[in-house]
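Worksheet for the structure shown next.
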Amino acid sequence: MTTPQTTPPPGTFEILHADASSGARTGRLWTAHGPIETPVFMPVGTQGTVKTLEPRDLTENGVQVILGNTYHLMLRPGVSIVEACGGLHRFMGWGGPILTDSGGFQVFSLANLRKVRPGGVEFQSHIDGTKFFLGPAEAMAIQRGLGSDIAMCLDECPPYPCDPQTACQAVDKTLSWAALCKRQARAPGQLVFGIVQGGEYAPLRERCARELVAIGFDGYAVGGVSVGEPEPVLLREIDDGVRHLPVARPRYVMGLGDFGQMVASVACGVDMFDCVMPTRHARNGTAFTRHGSFPVKAGEYKLDTRPVEEGCGCYACRHFSRAYIRHLLNVGEILGVRLLTIHNVHCYMGFFREMRAAIAAGAFETWRREFAAKRQEQRGAGSGES
RNA sequence: GGUGGGGUACUCAAGUGGUCAACGAGGGCAGACUGUAAAUCUGCUGGCUAACGCCUCCGAAGGUUCGAGUCCUUCCCCCACCA
């Protein structure tokens, strides 16, 4: 345990254990709100809340860092309000690290409501149609106002498939915006990460990564993945990006939430992930377990008195049955989605804790093989139950 | 006893001669979801079939018609009002 006097400055990234047979490593990234043990999974809290969870639920379930979103928070309640309320941490009552996305993903997901221009993106609010502009300066100013620990550069996230010309233009824009983001003022101790784009084109990924490194950031993300491409393409894109990023800096793959894909990424040297999967799937009735997922809403669980995941120590699994949670979900009771969210987040956190322990013990490859085997077995069994 | 209204699939509820195995909603079932416009969305939901398709079906029984959920007759049941 590090004492306060010796707390390293934000941005310090300690690599604790490097795996001998892969790129996997465990590390500790220091932020203004404390350290983050990596590899880490960051639940998504777009609008200043990880949907259905209280900050103490996050803490109790081992969450270290969460996401917030520039686009959504600038629309509602507006940065000035968050700022006036003491910044995002105080506003939402979360004392741990927060990473804010720049709105770059909304360039992709709100495609029909925006226009990408050289200097930034013109959005039309999905709420009331109001037009506004988000450029590098705006994105950084908002993230500064929110007071996040890690700010992301504004990037252009093109869809898949994407022709080389379009991908190249997205890279150019992303790079020029990154250079501008780097120059903006930051909140005290705030880190800034650059984002590698380039679609499925390795040379573009490489160029983007190298130029970002030349600009110099506290960490680097691989973006524009899991936007519809097949898994082999996705994994290649990640590898193509990560391999040109400095070993000494944290690497983050944006939007990845599949266990197998994340393990493969860790093997490539990735340290950070975020995804809506555990939380959104919970709200839609799907439970995650270490070795697969299953729809709790399915009729086959109506009399199942076992916990969602046997052996799980989360509050939902300690106190409630699949049958009960299924019932809650089917009648639309809010507690159902909350309990399942608690479980899914707990499951993700446990999975990463296990993975970190395996890497630290020098057993990553063994652990990885066992994980793959169990997962395969589970697939064969047909569902997550047993 | 009289008058009026009504009985349609798991439920509610459209449909008044063929385009009806039957609108719609709910429920049920299945699937999807990867930097959250998502407690959302999609599909199926009479039986048999992998499918083409076949069979049964709109309170019951008869009838009219080339053809009836729809028209006619009788019967059964429900509701409202009047006695």
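A note on names: the letters A, B, ... follow the listed sequences, proteins ahead of strands, and every chain is numbered from 1.
- Across all strands shown, A/I334 has heavy atoms under 4.0 Å from base atoms, whether or not it also approaches the sugar-phosphate.
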message: Determine whether A/D172 and A/R207 satisfy the following criterion, salt bridge (Lys or Arg N to Asp or Glu O under 4.0 Å), listing intermediate values before the conclusion.
response: CA-CA 10 Å; A/D172 290 340; A/R207 176 166 73 85; 2.9 Å; yes
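- In this structure, A/R280 does not reach the B/A39 phosphate: none of its side-chain N or O atoms is under 4.0 Å from OP1 or OP2.
- Atoms CG (A/N69) and P (B/A37) sit 7 Å apart, rounded to a whole Å.
- For A/N330 against B/G27, no side-chain N or O and base N or O form a donor-acceptor pair under 3.5 Å.
- B/U34 atom P lies 11 Å from atom CD of A/E229, rounded to whole Å.
- Relative to the side chain of A/H72, the nucleotides B/U34, B/G31, B/A37 differ in distance, and B/A37 lies closest.
- Look at CG on A/N344: it is 15 Å from P on B/U34, rounded to the nearest Å.
- The interatomic distance linking A/I66 (CD1) with B/G35 (P) rounds to 15 Å, in whole Å.
- Between A/L329 atom CG and B/A30 atom P there is a gap of 13 Å when expressed in whole angstrom units.
- With respect to A/E122 and A/K115, no salt bridge is recorded, no charged nitrogen being found less than 4.0 Å from a carboxylate O.
- Comparing the C1' positions of B/C20 and B/U56 gives an interatomic distance of 14 Å, to the nearest angstrom.
- Residue contacts for A/D101: at a heavy-atom cut-off of 4.0 Å it reaches a base atom on one of the strands shown.
- Closest to the A/V337 side chain, of the nucleotides B/A39, B/A30, B/U36, is B/A39.
- Between the side chain of A/D128 and the backbone N or O of A/T130, at least one donor-acceptor pair lies under 3.5 Å.
- The closest side-chain donor-acceptor pair between A/E14 and A/W30 falls under 3.5 angstrom.
- One finds no side-chain N or O of A/S226 lying less than 4.0 angstrom from the OP1 or OP2 phosphate oxygen of B/U34.
- Set against B/U34, B/C33, B/G35, the side chain of A/L67 has B/G35 as its closest nucleotide.
- In this model, no side-chain donor or acceptor of A/Q47 finds a partner on the base of B/U36 within 3.5 Å.
- To the nearest whole angstrom, the two P atoms, one in B/G47 and one in B/U42, are 24 Å apart.
- Taking every heavy atom of residues 197-211 of chain A and every atom of RNA chain B, pairs under 4.0 Å involve A/Q197, by number.
- Residues A/V213 and A/H244 are not in side-chain contact: their nearest non-hydrogen atoms beyond the backbone lie 4.5 Å or more apart.
- Residue A/S102 has its side chain nearest to B/G35 when only B/G35, B/U34, B/A37 are considered.
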Just the atom pairs and distances: protein N or O near nucleotides 40-43 of chain B's N or O, under 3.5 Å.
{"from": "B/U40", "atom 1": "N3", "to": "A/N284", "atom 2": "OD1", "distance (Å)": "3.4"}

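- Between the CZ atom of A/F273 and the C1' atom of B/G35 there is a distance of 13 Å, rounded to whole Å.
- At a threshold of 4.0 angstrom between heavy atoms, the contacts of A/T52 with the nucleic acid are absent.
- At whole-Å resolution of the value, NE2 in A/H327 and C1' in B/G27 are 14 Å apart.
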task: Applying ring pair (Phe, Tyr, Trp, His ring centres under 6.0 Å), run through A/Y71 and A/F123 and close with a yes or a no.
output: CA-CA 9 Å; A/Y71 168 84; A/F123 280 103; 5.1 Å; yes
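- Of the possible polar contacts, one joining the A/R251 side chain to the A/L245 backbone as a donor-acceptor pair under 3.5 Å is found.
- One side chain, A/Q143 or A/T100, offers a donor N or O that lies under 3.5 Å from an acceptor on the other.
- One finds no side-chain N or O of A/Q106 lying less than 4.0 angstrom from the OP1 or OP2 phosphate oxygen of B/G35.
- A gap of 29 Å separates the P atoms of B/A68 and B/U49, to the nearest Å.
- Nucleotide B/G35 holds its P atom 17 Å from the CD1 atom of A/I150, rounded to whole Å.
- Contacts between residues 107-132 of chain A and RNA chain B, counted as heavy-atom distances below 4.0 Å, involve A/S109, A/L110, A/N112, A/L113, A/H126.
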